[in-house]
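Okay, so here's the structure we're looking at.
These values consider heavy atoms only, across backbone and side chains, with no hydrogens, waters or symmetry-generated copies.
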Amino acid sequence: MRTVSSKSNTTEPRTREQWVARLCEALMSESEASYQSVLSSLMATGVSSQEIYQSYIPSAARYLGELWVSDQASFVDVTVGASRLQSLFRTDAAASTMRWTDRSVPLGQSVLMVIPEFEQHALGAFVAADNMRRHGLWVHMAIGLKNSELVELVRSSRFAMIGVTAATRSSIEKVTGMVDYLRTNADYVPPIVVGGRAVDEDEKLVMRTGADFAVRTAREAIEKCGLSSVAEAVPFNGIA
């Protein structure tokens, strides 16, 4: 049973927090068009699409998690809402590639953003990928690939960086195995960067996983890997 009321509100939200709550309610509703309507109304108030993707959507993701933890929303509701948020980033990813093509080509750099098959928290990786594109980099998403498939992808492309999401401590051991498999089976492996909540939870993440760096921002990842950027500093939001 749905534990969050889906009452239709006749008054428009007045604060950012109210907009986030309204968006989450729409994301969990039975209507596929409901959350799109909320986003359209939000943009009509003057909020840019960039602000929506960089601020409102990450906040909505956190709010969905809070609703679940406090038993105000069911697992099904939160899963549906998170899935719809991820679909927004998948849609925006293609558009971002087109928007940034003229700025990415001269840099000649591409990065591989990996969402391992064992990782359930993917939204942060899409936020991170979008931030990387805004820095002028090509971003290739590797979602749910097996280690052997990942190696083939790394062999066939010349990536300047590999970003791996590690949302929780329980992911660290599996990330370690993946990093070891890459280094053992690929002739060339670019710098491997780990991000996500696990970075805050484990200060020895780099040593434990065998990665080159553990980062919290896109700028930090770019600088540590020696990559070029055409954008101002943009929050990474973690690869979570």
Side-chain angles (χ1 to χ4, degrees), residues 58 61-62 65 79 82-83 85-87 89-90 93-94 96-97 109-133 135 137-227 234-240:
R62 287 191 292 270
T79 299
S83 176
L85 285 180
Q86 290 182 33
S87 70
F89 268 99
R90 289 189 180 97
S96 294
T97 299
Q109 296 174 313
S110 63
V111 300
L112 178 64
M113 192 68 68
V114 180
I115 303 176
E117 58 179 343
F118 54 80
E119 186 58 71
Q120 300 298 315
H121 304 277
L123 181 61
F126 284 101
V127 175
D130 187 66
N131 286 337
M132 288 291 183
R133 291 188 182 95
H135 278 280
L137 303 175
W138 287 102
V139 181
H140 187 110
M141 299 296 293
I143 305 173
L145 297 184
K146 297 182 181 301
N147 286 344
S148 57
E149 296 173 322
L150 198 56
V151 166
E152 289 304 314
L153 181 58
V154 171
R155 285 174 176 171
S156 64
S157 304
R158 199 69 175 178
F159 296 112
M161 182 191 84
I162 297 176
V164 183
T165 175
T168 63
R169 286 187 177 181
S170 62
S171 301
I172 295 177
E173 184 177 348
K174 294 179 180 178
V175 169
T176 301
M178 184 183 70
V179 171
D180 182 64
Y181 190 92
L182 278 173
R183 296 198 188 282
T184 301
N185 294 279
D187 296 329
Y188 167 77
V189 178
I192 298 176
V193 177
V194 178
R197 292 182 181 178
V199 174
D200 295 318
E201 296 176 355
D202 192 332
E203 296 180 353
K204 299 181 179 180
L205 185 65
V206 170
M207 182 178 67
R208 291 184 59 184
T209 62
D212 295 287
F213 308 108
V215 302
R216 294 178 176 81
T217 67
R219 175 65 70 182
E220 184 181 3
I222 289 171
E223 290 180 348
K224 286 189 173 182
C225 293
L227 307 183
V234 181
F236 194 41
N237 292 323
I239 310 178

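Remark: Glu152 engages Arg155 in a salt bridge (charged side-chain N to carboxylate O under 4.0 Å, His left out) (not counting sequence neighbours). For Lys146, the side chain to side chain contact (heavy atoms under 4.5 Å, CB included) partners are Glu117, Ser148, Glu149, not counting sequence neighbours. With sequence neighbours left out, the side chain to side chain contact (heavy atoms under 4.5 Å, CB included) criterion links Val179 to Val175, Arg183, Ile192.
Annotation: side chain of Met161 is in contact with side chain of Met132 (closest heavy-atom distance under 4.5 Å). The closest side-chain heavy-atom distance from Asn147 to Asn185 is not below 4.5 Å. Under the 4.5 Å side-chain criterion, counting only non-hydrogen atoms from C-beta, Val193 is not in contact with Val164.
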Q: Before giving the answer on side chain to side chain contact (heavy atoms under 4.5 Å, CB included), spell out for Val114 and Ile162 the whole-Å C-alpha distance, their side-chain angles and the decisive distance to 0.1 Å.
A: CA-CA 7 Å; Val114 180; Ile162 297 176; 3.8 Å; yes
Q: Given side chain to side chain contact (heavy atoms under 4.5 Å, CB included), test Leu227 with Val111 step by step and report yes or no.
A: CA-CA 10 Å; Leu227 307 183; Val111 300; 4.0 Å; yes
Q. Would Leu153 and Val151 count as a side chain to side chain contact (heavy atoms under 4.5 Å, CB included) if you check the C-alpha gap in whole Å, the side-chain angles of each, and the deciding distance to 0.1 Å?
A. CA-CA 5 Å; Leu153 181 58; Val151 166; over 6 Å; no
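Using a distance-only test at 3.5 Å, with no hydrogens or angles considered, no donor-acceptor pair links the side chain of Ser157 to the main chain of Phe159.
Taking OG1 of Thr209 as the reference point, atom CD of Glu173 lies at 12.5 Å (rounded to 0.5 Å). Atom OH of Tyr181 is separated from atom CG of Leu150 by 9.5 Å, given to the nearest 0.5 angstrom.
Residue Lys174 qualifies as open at atom NZ: its count of foreign heavy atoms under 6.0 Å is 12 or below.
Closest heavy-atom contact between Ser110 and Arg158: OG-O, 3.8 Å. Residues Pro190 and Val154 share a closest heavy-atom pair of CD-CG1, 4.4 Å. Pairing each heavy atom of Cys225 with each of Pro191, the nearest pair is SG-CB, 3.7 Å.
Between Lys224 and Glu220, at least one side-chain N (NZ, or NE/NH1/NH2) sits under 4.0 Å from a carboxylate O, which counts as a salt bridge.
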